[in-house]
Amino acid sequence: GRKQWYQRRVRGGIDKGNIKLHFLSLLEKAEAREKEAQRAEERKLRRKEAAFKHMLKDANPPITAEDEWSKIKSRFEKDPAYVAFSDDDKSRSKLFKDFAASLEPESNSDDYSEKHKKKRHKKEKKHKHRAKRSPSYDMTGSSDEDRKKKQKKTEEPSDEEKEDNKRKEKKSKKKSKKKKKEKN
């Protein structure tokens with residue numbers, strides 16, 4: 001029993017197919033661990049960047065689009081979000097430039113930016129388009145008389161429709177009578 005099994009394993013070796021499958025599964029696991037470690041690093045970097053941007057956003061006095069990184073960076077040197085980018089001033093500078101670019105110039109701070117105006121215009125267009133398709137919307141925003149006329153049009157069928165309805169009723173009554181007779 002056991003002795004023969006052991007001798008077969010040692011003499012014949014392990015099945016090559018099984019070795020290959022085992023090797024491939026180990027390789028896949030190693031690749032998965034590597035990918036997960038890479039994703040964890042990316043998440044860590046995104047958190048650091050978010051903390052840095054938050055630091056810039058909460059700066060007192062507030063940062064303006066005209067500020068230069070080289071002139072204001074000394075204000076943040078002791079902040080943990082600044083220190084997190086240890087000796088990586090290129091990243092800090094890039095994040096600052098991105099943040100400053102996102103700020104509106106002070107002259108436009110009271111008005112909507114063009115971007116907001118475009119968004120609002122798109123929403124209005126979309127709303128108008130929906131209104132054209134929606135019968136319930138047709139009745140809003142018009143006078144009482146117009147609303148009543150539209151309601152009458154939708155509620156009262158035409159003479160032709162009335163006649164069609166009568167014919168359909170007669171046919172359905174005849175069918176139901178036939179079914180009753182068939183049952184009896």
Side-chain angles (χ1 to χ4, degrees), residues 14-151 153-154:
I14 302 172
D15 181 28
K16 290 182 182 180
N18 286 342
I19 290 175
K20 188 173 184 178
L21 284 174
H22 188 65
F23 174 75
L24 290 175
S25 71
L26 290 173
L27 194 64
E28 286 176 4
K29 286 179 183 177
E31 287 173 352
R33 281 189 210 116
E34 207 174 280
K35 284 181 182 178
E36 184 55 38
Q38 187 178 5
R39 281 190 221 113
E41 275 299 313
E42 289 171 359
R43 283 193 299 268
K44 201 183 245 186
L45 179 64
R46 283 195 302 267
R47 274 190 238 118
K48 282 179 13 179
E49 289 175 350
F52 191 82
K53 289 176 185 176
H54 191 58
M55 173 193 73
L56 295 174
K57 184 180 173 188
D58 292 343
N60 195 5
I63 295 173
T64 64
E66 292 80 29
D67 287 331
E68 293 179 28
W69 178 241
S70 59
K71 292 181 182 174
I72 66 164
K73 72 178 181 179
S74 61
R75 289 171 34 190
F76 305 105
E77 287 176 342
K78 292 181 182 175
D79 195 294
Y82 179 91
V83 176
F85 284 98
S86 58
D87 302 327
D88 191 9
D89 206 45
K90 284 184 180 179
S91 295
R92 292 180 192 137
S93 178
K94 183 184 180 311
L95 288 169
F96 173 78
K97 285 178 183 175
D98 292 346
F99 178 77
S102 71
L103 298 175
E104 295 179 19
E106 287 184 21
S107 60
N108 291 341
S109 62
D110 293 336
D111 301 330
Y112 274 111
S113 68
E114 287 297 315
K115 188 176 179 181
H116 291 291
K117 286 180 182 176
K118 285 180 182 178
K119 279 186 180 180
R120 193 174 69 214
H121 181 67
K122 276 186 177 180
K123 281 185 181 179
E124 287 172 357
K125 257 187 166 178
K126 194 175 183 179
H127 190 64
K128 284 180 184 176
H129 180 69
R130 283 185 182 160
K132 288 179 184 176
R133 294 183 294 165
S134 171
S136 62
Y137 186 83
D138 286 342
M139 293 188 200
T140 60
S142 57
S143 70
D144 289 333
E145 291 174 23
D146 291 340
R147 229 178 278 141
K148 287 177 184 175
K149 286 178 186 175
K150 287 178 184 177
Q151 279 179 342
K153 285 181 183 176
T154 58

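Sequential numbering from 1 along the given sequence is applied to the chain's residues.
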For residues 34-61, the ring-ring contact (aromatic ring centres under 6.0 Å, His included) pairs (sequence neighbours left out) are Phe52-Trp69, Phe52-Phe85
Applying ring-ring contact (aromatic ring centres under 6.0 Å, His included), which residue pairs with at least one partner in residues 23-46 are found, sequence neighbours left out? none
In chain order, what residues pass the side-chain hydrogen bond (donor to acceptor under 3.5 Å, both in side chains) check against [X], with sequence neighbours excluded?
{"X": "Lys44", "result": "none"}
{"X": "Ser93", "result": "none"}
{"X": "Lys97", "result": "none"}

Pairs flagged by salt bridge (Lys or Arg N to Asp or Glu O under 4.0 Å) wherever residues 67-77 is involved - sequence neighbours left out: Glu68-Lys71, Lys73-Asp89
Test of understanding: with side chain to side chain contact (heavy atoms under 4.5 Å, CB included), list the residues that count as partners of Ala81, not counting sequence neighbours. Ala51, Met55, Asp79
The complete set of side-chain hydrogen bond (donor to acceptor under 3.5 Å, both in side chains) pairs with one or both residues in residues 24-37, sequence neighbours excluded, reads Glu36-Arg39, Glu36-Arg43
Evaluate the side chain to side chain contact (heavy atoms under 4.5 Å, CB included) criterion for residues Leu45 and Glu49: first the C-alpha distance (whole Å), next the side-chain angles of each, then the deciding distance (0.1 Å), finally the verdict. CA-CA 6 Å; Leu45 179 64; Glu49 289 175 350; 3.8 Å; yes
How many angstroms lie between atom NZ of Lys20 and atom CG of Leu24, to the nearest 0.5 angstrom? 6.5 Å
CZ/Phe96 to CD1/Ile63 distance, rounded to the nearest 0.5 angstrom? 5.5 Å
Which atom pair, heavy atoms only, marks the closest approach of Leu95 to Leu56? O-CD1, 4.3 Å
